[in-house]
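Below is one structure, written out as structure tokens; comments come after it.
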Amino acid sequence: MKYIYRIYQLFICVPIIIVASVITSLTTVVGCMIGNGHFWGYYPGKWWSRVIVRLLLLPIKVEGRENLEKGQSYVFVSNHQGAFDIFLIYGYLNRNFKWMLKRGIRKIPLVGVACEYAHHIYVDKSGPSKIRKTYDDARGVLKEGMSLVVFPEGSRTFTGHMGTFRRGAFMLADELQLPVVPLTINGSFDVLPRMRDWQWVTWHPLRLTIHQPITPQGKGVEFERQMMKEAYKAVMEGLDSEYQGFIENPDQ
């Protein structure tokens with residue numbers, strides 16, 4: 001079955017995914033140029049993600065959508081297991097949001113430009129002024145009533161285990177007094193870990209767990225750190241047992 005699945009990927013999935021990616025990128029760019037950027041910056045990417053996941057026959061399970069309130073802006077923080085984290089969150093969180101993305105994604109043909117037009121936020125750490133602009137952009141998105149999705153580990157895991165969380169997302173949540181929602185992703189590391197980028201996808205179920213929002217109990221560094229600690233604990237406890245426990249990520 002493994003080799004049949006690979007043949008299916010090569011001759012069926014790859015051509016459709018390439019065409020779908022081009023169409024989605026162009027639709028996003030044109031839509032954002034002439035229409036509602038929040039609509040065109042989200043829905044084409046959402047359905048593109050769903051097409052990819054369904055085309056690859058990957059089972060999806062989402063838990064905890066009932067924890068979210070309609071109309072509430074959130075800072076979502078997730079573990080970063082692999083490339084399919086993007087498709088799982090984009091396709092199945094069912095929440096209009098903006099990503100905080102690594103600057104390297106800007107170099108991906110068409111996709112990088114589409115993300116820029118959709119006003120997703122590229123994290124630029126090349127200097128203090130660039131870092132300030134990154135957080136100013138994120139602050140502006142949240143003040144508009146949008147939600148934000150952040151991978152606070154900053155990079156994908158090499159082991160399936162979690163590394164440390166960085167403060168940025170929690171600083172924003174503390175400053176604007178917004179709830180933080182932890183997300184746990186399971187299965188993405190088994191489908192396509194970073195060590196096998198541009199290789200075969202492995203069939204494996206994907207699961208997204210949306211935890212209870214963590215509401216700010218005050219303002220300041222102490223409360224920010226407490227939110228980060230609670231979020232880390234929630235994400236960790238949602239992981240499958242084989243991936244629980246901290247392992248240092250040398251890429252952080």
Side-chain angles (χ1 to χ4, degrees), residues 13-56 58 60 62 65 68-78 80 82-124 130 133-152 168-169 172-173 176 178-181 183 185 188 206 208 210 213:
C13 298
V14 170
I16 294 175
I17 288 171
I18 291 172
V19 172
S21 298
V22 171
I23 292 172
T24 300
S25 297
L26 293 175
T27 301
T28 300
V29 170
V30 174
C32 289
M33 288 175 65
I34 64 176
N36 183 338
H38 290 331
F39 178 91
W40 294 105
Y42 171 66
Y43 285 98
K46 172 182 177 177
W47 291 107
W48 169 72
S49 298
R50 289 196 172 203
V51 164
I52 290 174
V53 170
R54 292 305 185 191
L55 190 62
L56 289 163
L58 302 173
I60 301 292
V62 180
R65 281 206 191 103
L68 303 180
E69 293 182 17
K70 186 176 181 179
Q72 171 66 52
S73 180
Y74 294 107
V75 177
F76 294 97
V77 294
S78 173
H80 205 359
F84 274 74
D85 299 347
I86 301 292
F87 306 129
L88 185 58
I89 293 176
Y90 218 161
Y92 296 93
L93 182 59
N94 283 5
R95 201 80 177 188
N96 199 332
F97 65 86
K98 302 297 182 185
W99 292 101
M100 287 192 76
L101 301 168
K102 294 184 75 170
R103 188 173 55 162
I105 292 175
R106 179 63 181 80
K107 299 177 182 178
I108 300 175
L110 288 178
V111 172
V113 175
C115 288
E116 186 171 327
Y117 271 87
H119 298 292
H120 297 305
I121 300 158
Y122 287 115
V123 179
D124 191 339
K130 299 291 187 181
K133 184 180 184 309
T134 295
Y135 285 102
D136 285 345
D137 291 345
R139 191 178 294 110
V141 163
L142 291 166
K143 285 181 177 179
E144 289 177 3
M146 294 291 292
S147 292
L148 192 67
V149 174
V150 184
F151 295 115
L172 286 168
L176 301 177
L178 291 173
V180 170
V181 179
L183 305 174
I185 290 173
S188 180
L206 293 165
L208 174 66
I210 304 167

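Each residue takes its place number in the sequence, starting with 1.
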Task: Test side-chain contact (heavy atoms from CB on, under 4.5 Å) applied to I121 and Y135, step by step - done: CA-CA 9 Å; I121 300 158; Y135 285 102; over 6 Å; no
- [ ] Please test V113 against T28 for side-chain contact (heavy atoms from CB on, under 4.5 Å), starting from the C-alpha separation and ending with a verdict.
- [x] CA-CA 9 Å; V113 175; T28 300; over 6 Å; no
TODO: Evaluate the criterion side-chain contact (heavy atoms from CB on, under 4.5 Å) for residue pair Y74 and V180; output intermediate values, then yes/no.
DONE: CA-CA 6 Å; Y74 294 107; V180 170; over 6 Å; no
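Counting only heavy atoms from C-beta outward, the side chains of L142 and V75 approach each other to under 4.5 Å. Using a 4.5 Å heavy-atom cutoff, the side chains of S73 and M146 are not in contact. At a threshold of 4.5 Å between non-hydrogen side-chain atoms, the residues F87 and V51 do not count as touching. Considering only heavy atoms from C-beta on, L183 comes within 4.5 Å of V181 through its side chain. Taking 4.5 Å as the limit, some side-chain heavy atom of I60 sits within range of a side-chain heavy atom of V53. Two residues are said to be in side-chain contact when any heavy atoms from C-beta on lie closer than 4.5 Å; L110 and S21 fail this criterion. In this structure, I23 and W48 have side chains that are not in contact, with every pair of non-hydrogen atoms separated by 4.5 Å or more. A 4.5 Å side-chain heavy-atom check between V149 and V77 finds every atom pair outside the cut-off.
Closest approach of L172 to A138, counting heavy atoms only: CD1-CB, 3.6 Å. In plain terms, the two heavy atoms of R95 and G71 that are nearest each other are NH2-N, 3.7 Å. Shortest non-hydrogen contact noted between V150 and P152 is O-CD, 3.1 Å. Closest approach of V141 to H119, counting heavy atoms only: CG2-O, 4.5 Å.
Applying the side chain to side chain donor-acceptor pair (under 3.5 Å) criterion to K133, with sequence neighbours excluded, gives D137.
In this structure, Y122 OH and T134 OG1 are separated by 12.0 Å, a value rounded to the nearest 0.5 Å. Here the CH2-CZ distance, from W47 to R54, works out to 10.0 Å after rounding to the nearest 0.5 Å. Rounded to the nearest 0.5 Å, atoms OH (Y92) and OG (S49) are 8.5 Å apart. Rounding to the nearest 0.5 Å places CG of L148 at 9.5 Å from CG of L178. With rounding to the nearest 0.5 angstrom, the CG atom of L208 is 7.0 Å from the OG atom of S78. Taken from CD1 in I86 to CG in L101, the straight-line distance is 6.5 Å, to the nearest 0.5 Å.
Between the side chain of Y117 and the backbone N or O of S25 there is no donor-acceptor pair closer than 3.5 Å. For K98 (side chain) and A118 (main-chain N/O), a donor-acceptor pair under 3.5 Å exists by modelled atom type. One N or O on the side chain of N96 and one on the backbone of H38 form a donor-acceptor pair closer than 3.5 Å.
By the 30° and 60° cut-offs, the orientation of the rings of H120 relative to Y90 is perpendicular. Ring geometry for W99 against F97 counts as perpendicular: the plane angle is over 60°, on a 0 to 90° scale with 30° as the lower cut.
Pairs passing the salt bridge (charged side-chain N to carboxylate O under 4.0 Å, His left out) check and including a residue from residues 101-112, sequence neighbours excluded, read R103-D124, R106-E116.
At a cut-off of 3.5 Å, with distance as the only test, no side-chain donor of W40 or T27 sits close to an acceptor on the other residue.
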